2 protein chains.
Amino acid sequence: MAKTPVRTRRSGSQLSPEAIIEASLRIAARGSQDAFTVRRLGEELGADPTAIYRHFRDKDELLLSVADRAYGEILEGIPDGLGWKDRLRALADGSLRVALKYPAVASITASRTTRRINEFRLVEFILGAVTEAGLDGADAALYYRAVADALLAYVGQSAAYVLFAPEIRAGDESSWAREYRMVDPARFPGIARLGTELAQVSAEAVFDVRVEALIAAIEARAASPSEDATRT
Amino acid sequence: MAKTPVRTRRSGSQLSPEAIIEASLRIAARGSQDAFTVRRLGEELGADPTAIYRHFRDKDELLLSVADRAYGEILEGIPDGLGWKDRLRALADGSLRVALKYPAVASITASRTTRRINEFRLVEFILGAVTEAGLDGADAALYYRAVADALLAYVGQSAAYVLFAPEIRAGDESSWAREYRMVDPARFPGIARLGTELAQVSAEAVFDVRVEALIAAIEARAASPSEDATRT
DNA sequence: CACGTAGCGCAACACTGTTGACATCTATGT
DNA sequence: ACATAGATGTCAACAGTGTTGCGCTACGTG
């Protein structure tokens, strides 16, 4: 029936949760070239599309498992021996890298919670960084959430973007060079004056600014822990 | 044909782009109670579901128009006479408010560009704020993008979250009080130690931290404009 | 006044995720 | 060793999504 499969795997089974997760990652790695659908997944596995429902309750549960596997890939890419700032930077870079590697997974999972092993490891990783920065208690929890939410949001947004059809993406990207260059300078003086600079901003630089802003906020908070965290 | 409708509206027409946009906003305002689908939209308009294709090329174009209308709603809610910091704070609050009012629209549009009038006004608004803060040229463009992307990402993430089915949301929210409380303290000492504080963090406080972090980054950048913007 | 066409309704298509019925085949209890 | 229960896989089908082609009506314009 539609029940969570037991742990005892039968030897005769062709499929397994691990094999399904890996096939999902293979499909997701092809980005917008290959849709991450149940039928396509069955094709990749050489099995009936509905066979995966014997190993996962629904596609959502599969997606969370796949995402957790991706979380592990992020953690593996972070070297040891770094200070808390460089650990957070490495985490940000790795998250973006993995999210762009599996955009279909990242774009859907960005506002979810996997509640699986590698998510625990990631939480512990961030908590360790903010603790080393000098935060503790409610402050550590608050700034952990700020870091985690910001990373997930940005990374998910970037993933959703690369997942768009090329023609849509081309239209969005060229807008800075087209529509934004033709605006009425009287109504929009700022856009008219900075049109060239706006078209030249790189996504990497923006990502950098946002990561460094968070790190600076953590540092500032650790320096004055008694004040209230909210706006003055 | 599948061509963009001309501007001369016939008097006998029951529908109009404006009426369709407003019906879309009404449906989107019902959140997860009412799915924002083409058929539901036709029902709301008292017309055939496919009638909207005489006014919009596809659902994507409609969505961008609806989003731009929501952008206008954000701008209307921002009072005059504020300094640049309070203008950005009011923008952030208004963006989140409108996004949560029309979650179905915000969650899809978060990584898109409308290229319509109210988006121009929003860009001009943010550019004015960062300019008043003391930034100019490439710096103003860079930090505009950081603010705009961060706002869109967070607001879209929040919208996607409230759009989830209540049972999924309940599972995600209770995870802090359940799974995260039962982790092995030896493997995850940070989670075990801060479990209580993690469960008590409010989304508003997290939003606040992220907005203030960006404002502080702009201020710091304006104070030392000669340095390189990237990580040291 | 005739005619081209915008506006709209209807039926249908391709594509999602998902479920129920049926068959097979393994693992286990006796 | 054998029978049975349950896990695994296949097939057909369903409800839901966005979208398109065809035909009709009624309007605005020549």
Side-chain angles (χ1 to χ4, degrees), chain A residues 1-20 23-24 27-28 32-66 104-105 107-109 112 163-165 167-168, chain B residues 1-20 23-24 27-28 32-66 104-105 107-109 112 163-165 167-168:
Chain A
M1 295 298 288
K3 186 185 156 197
T4 306
V6 295
R7 62 196 61 189
T8 62
R9 191 159 103 235
R10 306 177 81 127
S11 61
S13 65
Q14 317 172 19
L15 268 47
S16 70
E18 289 73 24
I20 296 176
S24 303
I27 295 177
S32 59
Q33 314 275 333
D34 204 344
F36 181 22
T37 146
V38 174
R39 285 171 177 79
R40 185 66 194 80
L41 183 55
E43 206 174 315
E44 178 81 21
L45 287 162
D48 189 88
T50 64
I52 64 165
Y53 287 93
R54 303 292 151 184
H55 302 268
F56 296 93
R57 185 159 36 83
D58 50 20
K59 200 190 176 186
D60 190 70
E61 194 197 342
L62 167 62
L63 213 45
L64 292 183
S65 300
V66 174
V105 176
S107 65
I108 309 181
T109 321
R112 299 299 307 282
L163 217 58
F164 281 134
E167 66 266 18
I168 295 181
Chain B
M1 298 289 291
K3 183 185 157 196
T4 305
V6 294
R7 64 196 59 190
T8 61
R9 191 160 102 232
R10 300 178 84 127
S11 62
S13 66
Q14 318 172 18
L15 268 47
S16 70
E18 289 75 22
I20 296 176
S24 302
I27 295 177
S32 60
Q33 314 276 335
D34 204 347
F36 180 22
T37 128
V38 175
R39 285 171 177 79
R40 185 65 194 81
L41 183 54
E43 204 175 316
E44 178 81 21
L45 288 162
D48 189 87
T50 63
I52 64 166
Y53 287 94
R54 303 293 150 181
H55 301 268
F56 296 94
R57 184 159 34 84
D58 50 20
K59 202 190 175 187
D60 190 70
E61 193 196 343
L62 167 62
L63 213 45
L64 292 182
S65 299
V66 174
V105 176
S107 66
I108 309 181
T109 321
R112 299 299 308 283
L163 217 57
F164 281 135
E167 67 266 18
I168 295 182

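Just so we're on the same page: letters track the sequence lines, and every chain starts at 1. Predicted model, so just to flag it, every value in this text is computed and none were measured.
- Side-chain proximity of B:Ala35 to the nucleotides D:dT17, D:dT19, D:dT10 is greatest for D:dT17.
- Listed nucleotides: D:dC11, C:dA21, D:dC22. Nearest to the side chain of A:Asp48: D:dC11.
- Whole-Å rounding puts the A:Arg54 CZ to C:dG20 C1' distance at 9 Å.
- B:Lys59 has its NZ atom 12 Å from the C1' atom of D:dG16, to the nearest Å.
- In this structure, the side chain of B:Thr109 does not engage the main chain of B:Arg112 through any donor-acceptor pair within 3.5 Å.
- A donor-acceptor contact under 3.5 Å links the side chain of A:Thr50 to the base of D:dC11.
- For the pair A:Leu45 and A:Leu41, the minimum side-chain heavy-atom distance is below 4.5 Å.
- The listed nucleotides are C:dT19, C:dC8, D:dC14; the one nearest the side chain of A:Arg39 is D:dC14.
- As a whole-Å value, the separation of B:Asp58 CG from D:dT17 P is 17 Å.
- Two residues are said to be in side-chain contact when any heavy atoms from C-beta on lie closer than 4.5 Å; B:Leu64 and B:Glu61 fail this criterion.
- Residue A:Tyr53 places its side chain closer to C:dT18 than to any other of C:dT18, D:dT19, D:dG9.
- The shortest distance between the side-chain N/O atoms of B:Thr37 and the OP1/OP2 oxygens of D:dG18 is below 4.0 Å.
- The side-chain tip of A:Lys59 does not point at the ring of A:Tyr53 from less than 6.0 angstrom away and within 45° of straight on.
- A:Leu63 is listed as a side-chain neighbour of A:Phe36, based on a closest heavy-atom distance under 4.5 Å.
- One can place CG of A:Asp60 at 15 Å from C1' of C:dT16, the figure rounded to the nearest angstrom.
- B:Arg40 places its CZ atom 17 Å from the C1' atom of D:dG18, with the value rounded to the nearest Å.
- Taking atom CZ of B:Phe56 as the reference point, atom C1' of C:dA6 lies 16 Å away to the nearest angstrom.
- Checked against C:dC8, D:dG9, C:dT18, the side chain of A:Ala51 finds its nearest nucleotide in D:dG9.
- Rounding to whole angstrom units, CG of residue A:Asp34 and C1' of C:dT16 are separated by 15 Å.
- Rounded to whole Å, the distance from CD on B:Glu43 to C1' on C:dG9 is 16 Å.
- Look at A:His55 and you won't find any side-chain N or O under 4.0 angstrom from OP1 or OP2 of D:dA7.
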